Amino acid sequence: MQRYVRSAALAAAGVLMAGLAVGCGGSSDGGKSDGQGGKGDAKGGGKGLASQKLDWGRCEAPEGGSAPGSEWQCATLKVPLDYAKPSGETIGLALIRAKSTGKGDRIGSLVFNFGGPGGSGVSGLPSFADMYGSLRERYDLVSFDPRGVGASEGVRCRDDRTTQAAEEKVDLTPDTPAEEKAYFKDAADFGAGCARGAKKLIGHISTADAARDMDLMRQVLGDDKLHYMGISYGTELGGTYAHLFPKRVGRLAMDAVVDPSADSVGHAENQARGFQRALDNYFTSRGQDPKAGTKKVAKLFERLDAEPMRTSGDRKLTESLASTGVLVTLYSKETWPMLTSALADAEKGDGTALLRLADAYNERDPSGRYSTQSHAQRAISCLDTKARSTPEEAKKRLDRFREISPVFGGFLGWDTAGWCYDWPVAGQHDSPEVSAPGAAPILVIGNTGDPATPYEGARKMADELGKGVGIHMTWKGEGHGAYGNGSDCVDDTVDDYLLKGEVPKDGKVCES
């Protein structure tokens with residue numbers, strides 16, 4: 001089971017790593033009413049931890065990867081396990097940085113979060129640093145693995161063998177009572193595994209916890225203000241930070257923006273619309289009728305639901321894996337040709353290409369090892385959200401979801417109940433509080449063709465940040481995210497904001 005919110009960078013990385021050439025609250029209180037556990041004071045949390053010195057050194061290779069080059073340095077930041085007990089037990093956060101090239105007056109550190117939740121900044125930032133070369137002239141580029149992620153006390157909820165078995169045997173669009181029972185049993189087993197694996201950390205890995213970690217990071221890095229770029233889920237983290245620490249907001253940019261007004265059901269509906277919109281755009285680009293193309297893909301999924309398809313290996317392509325394989329190609333227009341080829345192969349009875357695409361998204365390597373990104377993603381989001389829909393409530397939504405998207409609606413409709421089913425800890429809020437009165441202007445960028453975080457969310461984020469704080473900008477483009485996706489207008493505007501402090505006019509539009 002997998003939520004479909006990722007950053008463009010992470011989605012692209014999954015495809016590249018697979019080598020495809022297809023012929024992937026501070027404390028545990030919180031809530032909308034009190035702002036994720038109450039306002040953070042101007043000095044943040046951690047008290048004595050703010051004076052710690054980071055021991056920067058050469059970075060080690062991440063699991064399953066290679067070490068970054070010599071220009072990268074890594075360190076561990078100590079943060080409180082529980083911000084309600086700032087002098088109590090600590091955990092370590094893995095940090096990475098590349099120091100400013102010094103081609104201009106240094107502004108400070110620019111902190112990145114690439115999305116998820118659950119994405120590793122330590123492995124992600126070096127992979128995409130070339131995109132941020134102009135920003136590095138005046139900033140140290142910094143990222144981190146949030147608590148519960150990767151090298152920062154990462155959460156593992158099940159082993160690789162169990163993960164693969166679930167992919168093969170659990171139907172994510174159950175049609176019978178037996179399939180429903182298996183679906184929800186798997187969901188409950190996953191949550192229980194997270195509780196065993198994370199232990200007491202399971203109640204302290206919320207987005208508000210991560211925001212407080214960023215403020216402590218800001219202090220230890222020596223910055224008076226937090227300069228930040230958040231992508232996808234990273235925009236929710238940035239909005240949460242701005243709400244908790246409005247006076248500490250420096251230059252803060254949001255790209256591929258999560259709708260802060262949506263609850264978990266609203267998010268699922270948004271994504272059903274967003275991915276269906278992207279699929280329609282794909283078919284239109286090929287001169288095909290979107291309705292006819294969608295119907296053909298839906299029919300393929302129906303056949304796979306009845307009988308999984310052969311591949312070149314000993315695994316088979318299921319309906320669930322095919323859905324993921326189609327979906328990952330919609331994150332970027334550059335991967336649309338992969339979708340064309342993979343669908344053509346599937347129509348001939350060969351599911352190899354779609355399976356490889358799904359493996360790329362699920363971060364499964366050829367030896368059968370999976371990353372824990374999806375484990376952290378689920379643990380963080382289920383601590384964030386109070387919603388716990390019942391199976392009966394999910395069933396009542398299915399017709400609406402399938403009307404929104406005949407291809408993805410069924411998966412996302414069931415997911416409204418399955419994602420946090422029988423979760424071992426209570427959630428914190430219905431939707432995140434991001435209002436930030438008194439904060440400096442925050443740049444909020446929406447892409448009209450974004451599948452995972454649909455365009456409408458950017459306007460809502462700008463509105464909820466507050467008048468004069470949220471500065472809304474539109475890119476008429478395609479894919480997940482705008483910066484670095486081929487628009488000089490977008491890139492120049494963001495660079496001018498982050499490097500020169502030039503705030504664009506609210507409502508600025510960049511054509512594709």
Side-chain angles (χ1 to χ4, degrees), residues 1-6 11 14-15 18 24 157-158 160-176 178-190 268 271-272 275-276 279 294 296-311 313-331 339 342-343 345-346 349-364 368 370-371 373-375 377-378 391 394-395 397-398 401-402 405-421 451-452:
M1 197 178 300
Q2 182 79 277
R3 276 277 167 99
Y4 298 131
V5 181
R6 295 277 188 95
V15 173
C24 210
C157 304
R158 59 177 31 158
D160 294 333
R161 182 178 299 179
T162 307
T163 299
Q164 181 170 319
E167 283 186 353
E168 293 172 348
K169 298 177 182 178
V170 178
D171 190 338
L172 301 189
T173 57
D175 306 302
T176 67
E179 288 179 348
E180 286 182 32
K181 183 178 179 180
Y183 175 83
F184 286 106
K185 181 181 185 303
D186 180 71
D189 288 348
F190 190 92
Q271 288 206 306
F275 281 111
Q276 185 61 50
L279 186 63
T294 292
K296 190 172 183 179
V297 174
K299 289 291 185 183
L300 170 64
F301 286 5
E302 287 178 11
R303 296 197 298 273
L304 292 169
D305 189 29
E307 183 177 355
M309 185 178 292
R310 66 173 177 82
T311 68
D314 58 2
R315 297 163 64 214
K316 290 189 175 182
L317 178 71
T318 64
E319 178 195 16
S320 302
L321 288 167
S323 173
T324 302
V326 170
L327 180 140
V328 70
T329 64
L330 300 177
Y331 273 83
L339 177 57
L343 288 176
D345 287 352
D350 182 1
T352 304
L354 280 175
L355 179 61
R356 287 178 179 169
L357 286 162
D359 284 349
Y361 189 88
N362 292 333
E363 297 183 18
R364 180 191 190 275
Y370 292 80
S371 85
Q373 192 276 344
S374 62
H375 302 209
Q377 180 186 38
R378 201 161 171 179
K395 280 192 225 181
R397 299 184 186 115
L398 290 177
F401 270 82
R402 287 171 175 149
S405 174
V407 171
F408 304 112
F411 296 92
L412 289 164
W414 277 111
D415 190 67
T416 60
W419 184 248
C420 297
Y421 179 77

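FYI, the numbering just counts along the sequence from 1. Here the structure is a predicted model, which is why all the values come from computation and not from measurement.
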*What distance separates Glu179 CD from Leu172 CG, expressed to the nearest 0.5 Å?*
10.5 Å
*Could you tell me whether Glu180 and Lys395 make a salt bridge, using a distance below 4.0 angstrom between a side-chain N and a carboxylate O?*
yes
*Should Asn362 and Gln373 be marked as a side-chain hydrogen bond (donor to acceptor under 3.5 Å, both in side chains) after you check the CA-CA gap, both sets of side-chain angles, and the distance that decides it?*
CA-CA 8 Å; Asn362 292 333; Gln373 192 276 344; over 6 Å; no
*Which pair of heavy atoms, one from Ser323 and one from Phe301, lies closest together, and at what distance?*
CA-CZ, 3.5 Å
*Step by step, would you call Leu330 with Phe408 a side-chain contact (heavy atoms from CB on, under 4.5 Å)?*
CA-CA 12 Å; Leu330 300 177; Phe408 304 112; 3.9 Å; yes
_Candidate pair Thr324 and Leu357, rule side-chain contact (heavy atoms from CB on, under 4.5 Å), full reasoning_ = CA-CA 8 Å; Thr324 302; Leu357 286 162; over 6 Å; no
*So how far is it from Gln271 CD to Ser405 OG, rounded to the nearest 0.5 Å?*
11.0 Å
*Pairwise distance CZ(Arg364) to OG(Ser371) - rounded to 0.5 angstrom*: 12.5 Å
*What are the two closest non-hydrogen atoms of Lys316 and Leu321, and how far apart are they?*
O-CD1, 4.0 Å
*What do the steps show when you test His375 against Tyr370 for ring pair (Phe, Tyr, Trp, His ring centres under 6.0 Å), and what is the final call?*
CA-CA 10 Å; His375 302 209; Tyr370 292 80; 8.5 Å; no
_salt_bridge(Asp359, Arg315) N-O dist < 4.0 Å_ = yes
*For the residue pair Phe275 and Phe411, is the inter-centroid distance of their aromatic rings smaller than 6.0 Å?*
no
*asked:* Does Arg158 qualify as a cation-pi partner of Phe190, given the criterion of NZ or CZ under 6.0 Å from the six-membered ring centre and within 45 degrees of its axis?
replied: no
*Might you point out which heavy atoms bring Leu317 and Ala322 nearest each other, and give the distance in Å?*
CD1-N, 3.6 Å
*Hey, could you give me the CG/OG1 distance between Leu304 and Thr318, rounded to the nearest 0.5 Å?*
7.5 Å
*asked:* Return the CG to OH distance between Asp186 and Tyr421, rounded to the nearest 0.5 Å.
replied: 12.0 Å
*asked:* Are the side chains of Leu343 and Val297 in contact, using a 4.5 Å heavy-atom criterion?
replied: yes
*asked:* Between Arg378 and Trp419 (side chain of the first, backbone of the second, donor and acceptor by atom type, cut-off under 3.5 Å), is there such a pair?
replied: yes
*Of the non-hydrogen atoms in Trp414 and Thr173, which two are nearest, and what is the gap between them?*
CD1-CA, 3.7 Å
*Test item: Asp345 and Thr352 side chains (from C-beta on) under 4.5 Å apart, heavy atoms*: no
*Answer whether the closest heavy-atom distance between the side chains of Gln276 and Pro451 falls below 4.5 Å.*
no
_Non-hydrogen atoms of Val328 and Gly325 that approach each other most closely_ = CG1-O, 3.4 Å
_Evaluate Glu307 against Arg303 for side-chain contact (heavy atoms from CB on, under 4.5 Å), listing each step before the verdict._
CA-CA 6 Å; Glu307 183 177 355; Arg303 296 197 298 273; over 6 Å; no
*Nearest heavy atoms of Met309 and Ala346, plus distance in Å*: CE-O, 3.3 Å
*Rounded to the nearest 0.5 Å, how far does CG of Asp415 lie from OH of Tyr183?*
5.0 Å
